[in-house]
Each structure stands twice: as structure tokens, then as C-alpha cells.
Student: 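Here's a structure for you.
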Amino acid sequence: MTNIRKIFIGLIALSAIINVELKAQDWPQLFGPDRNHTSPQKGLLRSWPESGLETLWSVELGRGFGGPVAKNGKVYLLDRDDKVGDMMRCFSLQTGEELWKYGYNSPGEVSYPGSRSVPAVDDRHVYSVGPNGDLYCIDLQTHQPVWKKNIWTDFGGTKLPMWGISQSPMIYGDLLVTVSQAPQAGVVAYNKNTGDIIWQTPNLGNETYVSPKVIKIHGEDHIVMVTSSTNTFIYRDVPVSKGNVTGLEPRTGKILWQYTNWECVISVPCPVDAGDNRLLIVGGYDRGATMIKVNKKADGTFDTSELFTNLDFGDQTKPPLFHNGYFYAMYRTNQKREGLMCMNMNGEIMWKTGRNPDFERGSMIFADGLILAFNGFNILHLIEPVPTAFKPVAQATMPLEGSQNWGPMALADGKLLMRDQSRMICVKVDR
């Protein structure tokens with residue numbers, strides 16, 4: 001083999017490696033590539049300048065809580081005008097230039113108005129669910145809908161839940177998995193290319209705001225769904241029932257197992273895969289955290305056992321981050337201000353920041369051995385996740401305003417995407 005040919009083959013291999021690494025740094029769905037707040041991003045800045053992190057660009061948004069996703073150098077976000085409807089918007093990750101948008105009529109307002117969910121994107125389509133249940137599959141080349149449904153009214157839904165439809169869609173192979181929780185359906189799987197219904201479960205219980213999550217159970221993928229207990233804040237004259245955690249077979253929707261002792265009136269976070277067939281379920285409103293284990297019996301069926309419940313650890317808006325056998329969460333409720341917390345696998349609290357520093361209902365991302373933790377107002381923290389004590393590395397004030405800045409962040413190609421109630425910013429966090 002000639003030297004020129006060797007060099008040529010080497011360049012091809014290097015190009016393939018670079019392409020794989022770039023694709024691996026995409027943020028294509030809620031909470032990142034594996035739906036667990038974790039990015040393969042390397043080379044994060046370990047010290048931040050006194051002048052703050054560099055803001056690469058900023059764009060105006062409607063109010064809301066919907067976060068962005070990023071793939072192949074483009075950013076997608078479902079924006080919202082409650083008087084008009086929803087708007088899928090696409091931006092350049094490098095410059096913030098708006099490349100295209102597609103809107104549709106869907107007026108109406110719910111409590112804490114504005115956008116809700118996070119899209120999911122693959123190589124051909126971007127999928128989104130609006131607060132009124134409008135599910136759209138939009139072609140990335142034509143920027144037009146391929147198919148559309150309504151996951152609420154299509155299954156007998158009439159009056160929307162108080163906080164609207166907040167569940168984010170999930171791509172699983174050739175399926176698009178969504179959570180309806182209308183009277184006639186619980187979880188629904190569509191053919192992601194055609195919109196045909198492949199399977200649907202019965203309604204799984206009370207209203208919920210939880211998105212689906214795939215978790216390995218005894219070596220197999222299970223789609224896991226969390227349903228709230230009866231919302232006694234609102235429904236005072238109805239029978240009270242507990243919530244549940246349900247495991248589904250991904251290709252058929254068959255219910256494989258169910259834990260039926262979950263108590264949280266407004267469930268939002270999806271479950272956390274704690275390894276060894278264990279799941280951590282958390283909630284706000286002082287309902288804390290419960291660890292369950294899914295057991296496989298001799299006949300191949302499953303049951304569950306509760307390992308512990310700790311009411312002093314939880315998170316209202318997102319699942320905890322799990323790293324090296326420890327859980328990290330922001331526990332801010334109407335009664336508690338515990339700040340950022342660390343808990344071990346046995347349910348023991350290792351440390352908490354309380355109000356120093358204060359964390360509200362912000363967002364977290366683990367990358368390059370560190371946690372990027374946003375406090376829900378305008379402070380971004382860089383933290384080394386260790387169980388012995390809160391270990392800050394750096395912090396910076398972001399050009400964001402107001403409170404209730406709860407939209408999930410996204411990290412792609414060294415760029416951190418964040419939002420408040422009127423804009424989205426792109427911040428450089430790598431070297």
C-alpha cells in the first residue's frame with residue numbers, strides 16, 4: 001500500500017470519527033441523547049472569566065417553559081402565542097439565524113400559560129406536542145407537516161388538565177411514543193413516518209404531566225410511565241386514588257408490571273434508571289422520592305417492591321441527575337427550599353445547599369465530569385458532583401430576566417441553550 005493511499009484511508013477514518021463525535025454531541029430530545037441530563041461533550045471550560053461566559057446569540061420567544069433540541073447544527077423549539085397557536089421554529093446553532101418556521105392555529109390558555117414540551121428530532125422529521133394536544137410531524141426539508149394528530153381530543157379528551165398537555169414525545173426506533181391520558185388512552189405509539197397508531201394502552205389513572213422514558217429492566221427495554229395520585233387541590237369531591245408507575249413492552253404496549261403506591265398529586269419528572277432494575281421516582285409538593293425495584297419471577301412475569309421513600313429529597317419539574325451511585329436534585333416546593341441536594345442509593349441525604357446558594361426549579365446537565373446547574377433565575381453554576389459536600393467550581397450571571405425560568409437547557413457542540421420568559425440565549429461553555 002502506497003503512503004498516499006495510507007494517508008487517504010487515514011483521512012477517511014478521521015473524518016468518520018469526527019462525524020460520529022459531532023453527531024454524539026447532538027441534543028435531540030428532552031434531557032438529551034439518553035433522556036438523562038447527560039451529554040458526551042468534552043472540553044468544558046473549567047474556569048469562567050470574571051466578565052462572564054460569552055453569549056453567542058439571543059432570539060426573542062413567546063412566554064413559556066418549552067426547551068430546545070439540537071441536531072446537525074440546527075436548533076428546534078416549539079414556541080407559543082396563546083392568542084394564536086403554536087410555532088415550530090428552527091435556528092442555526094452557530095449564529096441564531098432563524099432558518100424557517102411553521103405555525104398553526106391553536107389558541108387557548110392554561111394555568112402558567114405559554115409553551116410546554118420539548119420536541120424530538122431525527123434525521124428526517126421534528127415532532128412536537130402543543131399544550132392543547134396538537135401533535136405534529138414536520139419534514140426537515142420541506143418545513144411542512146407530514147402528518148398531525150391531537151393526542152387529547154382524538155381519545156375522548158374534553159376539558160384540558162389544569163396545566164395543559166406538557167408531556168414531550170419520544171422516538172423509539174420507528175415509533176413515536178406519546179402520553180395522552182385522555183379517557184380512552186394512556187400511552188400511545190404512532191408509526192413515526194405515517195402517523196398510524198401502532199398501539200395504545202388504556203387510560204392509566206389520574207392526569208399526569210410526565211413524559212415516557214425507556215429503562216433497561218432485566219436486560220430488556222421497558223417504556224416506563226408515571227401517573228399522579230388524585231389532585232386533591234383541585235378535585236375535592238371525587239374518589240381519591242394513588243398514582244402508579246407502569247412498565248410497558250415497547251413494541252406492543254403490553255403492560256408488564258405496575259407499582260401502585262405512588263403519592264404525588266402533580267407528577268412531572270420521568271423516572272430515573274438507578275441500575276440493577278431499580279427506578280427512582282420523584283415529585284414536588286413535598287412528596288419526595290421513592291425507590292422501587294422490578295423483580296422478574298420464575299414464570300417470566302414481573303412484580304415490584306418498594307425499597308424506600310424519603311420525603312426530604314425530590315424535584316418538582318425534572319428527574320434527578322444520577323452519577324456514580326448518587327442522585328442530584330433541586331428540591332424547591334411551596335413549603336421547602338432545600339436547594340441542590342445529593343442523596344445516596346439508600347435514601348440518605350449527603351448534603352444540601354439550602355438557600356446558599358439558592359436553586360429554584362432550574363435545569364441541570366452532566367458533561368465532562370461536571371454539572372452545569374441553572375438556578376431558575378439567572379445564575380449558572382459549574383459543580384463537581386461529589387457526595388462529600390457541595391463543591392462549586394464556577395458561577396456566572398446569565399443575560400436572562402425574571403423568575404420561572406424552568407425550561408430545560410440543551411448542550412450541543414460546546415454551546416449551552418437556555419431560556420427565560422421572553423428569549424433564548426446561546427452561551428459558549430467549551431474551550
Side-chain angles (χ1 to χ4, degrees), residues 12 15-16 18-35 39 56-57 59-62 64 66-81 84-106 115-130 132-151 154 167-178 188-198 211 408 410-415 417 419 424 426:
I12 292 175
S15 175
I18 290 172
N19 285 333
V20 168
E21 288 181 346
L22 286 176
K23 284 182 177 295
Q25 291 181 12
D26 287 337
W27 194 268
Q29 62 175 332
L30 176 71
F31 304 137
D34 297 313
R35 238 168 161 84
S39 167
L56 300 176
W57 50 262
V59 296
E60 292 185 358
L61 299 177
V69 294
K71 186 173 180 65
N72 296 335
K74 296 182 176 64
V75 177
Y76 303 90
L77 180 136
L78 186 67
D79 205 357
R80 173 79 181 161
D81 182 330
V84 180
D86 299 323
M87 177 77 69
M88 175 58 67
R89 302 176 67 183
C90 174
F91 306 92
S92 164
L93 177 61
Q94 296 296 323
T95 67
E97 175 190 2
E98 186 165 67
L99 303 176
W100 59 267
K101 60 186 177 181
Y102 178 85
Y104 54 87
N105 292 332
S106 184
S115 64
R116 286 288 187 274
S117 65
V118 176
V121 60
D122 62 15
D123 289 328
R124 295 177 58 193
H125 305 124
V126 59
Y127 305 88
S128 62
V129 177
N132 294 328
D134 298 291
L135 169 60
Y136 271 71
C137 166
I138 298 177
D139 189 284
L140 298 184
Q141 298 300 318
T142 67
H143 316 148
Q144 296 297 309
V146 177
W147 55 267
K148 60 183 179 178
K149 307 288 182 178
N150 189 292
I151 66 171
D154 287 355
Q167 304 89 297
S168 299
M170 179 182 73
I171 298 170
Y172 183 85
D174 57 359
L175 300 178
L176 185 76
V177 182
T178 63
V188 182
Y190 299 88
N191 180 303
K192 71 175 185 177
N193 296 312
T194 66
D196 295 335
I197 295 175
I198 303 302
S211 300
L411 177 63
D413 195 22
K415 299 171 179 63
L417 300 163
R419 69 163 298 167
M424 176 171 59
C426 177

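All values below come from the heavy atoms of this structure, side chains included, with hydrogens, waters and symmetry mates left out.
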Student: I'd like to check the side-chain contact (heavy atoms from CB on, under 4.5 Å) partners of Lys74; sequence neighbours left out, ordered by chain and number.
Tutor: Tyr76, Cys90, Leu99
Student: Enumerate the residue pairs fulfilling salt bridge (charged side-chain N to carboxylate O under 4.0 Å, His left out) with a member in residues 167-177, sequence neighbours excluded, ordered by first and then second residue.
Tutor: Asp174-Arg251
Student: Between atom CD1 of Ile197 and atom CG of Asp154, what is the distance when rounded to the nearest 0.5 Å?
Tutor: 7.0 Å
Student: Residues two or more places apart in sequence or in another chain: which of them pass side chain to side chain donor-acceptor pair (under 3.5 Å) with Tyr127?
Tutor: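 Scan of Tyr127 (side chain to side chain donor-acceptor pair (under 3.5 Å), adjacent residues dropped) gives His125.
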Student: Heavy-atom count check: over 12 atoms from other residues, nucleotides or ligands less than 6.0 Å from Gln141 CD?
Tutor: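 At most 12 heavy atoms, drawn from other residues, nucleotides or ligands, come within 6.0 Å of this atom.
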Student: Minimum heavy-atom separation for Val177 and Tyr172, please, with both atom names.
Tutor: CG2-CB, 4.4 Å
Student: Could you work out, with salt bridge (Lys or Arg N to Asp or Glu O under 4.0 Å) as the rule, every residue matching Arg116, not counting sequence neighbours?
Tutor: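 Expected list: none.
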Student: Using the side chain to side chain contact (heavy atoms under 4.5 Å, CB included) rule, pick out the option among Ile138, Asp139, Asn193 that qualifies with Val146.
Tutor: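 Exactly one option meets the side chain to side chain contact (heavy atoms under 4.5 Å, CB included) with Val146, and it is Asp139.
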Student: What pairs with Lys415 under salt bridge (Lys or Arg N to Asp or Glu O under 4.0 Å), at least two apart in sequence or on another chain?
Tutor: Asp413
Student: Strictly by salt bridge (charged side-chain N to carboxylate O under 4.0 Å, His left out), give each pair with a member in residues 93-106 just once, sequence neighbours left out.
Tutor: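 Output for this query lists Arg89-Glu98.
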Student: Is it true that Asp26 and Lys71 make a salt bridge, defined as a side-chain N closer than 4.0 Å to a carboxylate O?
Tutor: yes
Student: Show your reasoning for whether ring pair (Phe, Tyr, Trp, His ring centres under 6.0 Å) applies to Trp147 and Tyr136.
Tutor: CA-CA 6 Å; Trp147 55 267; Tyr136 271 71; 9.0 Å; no
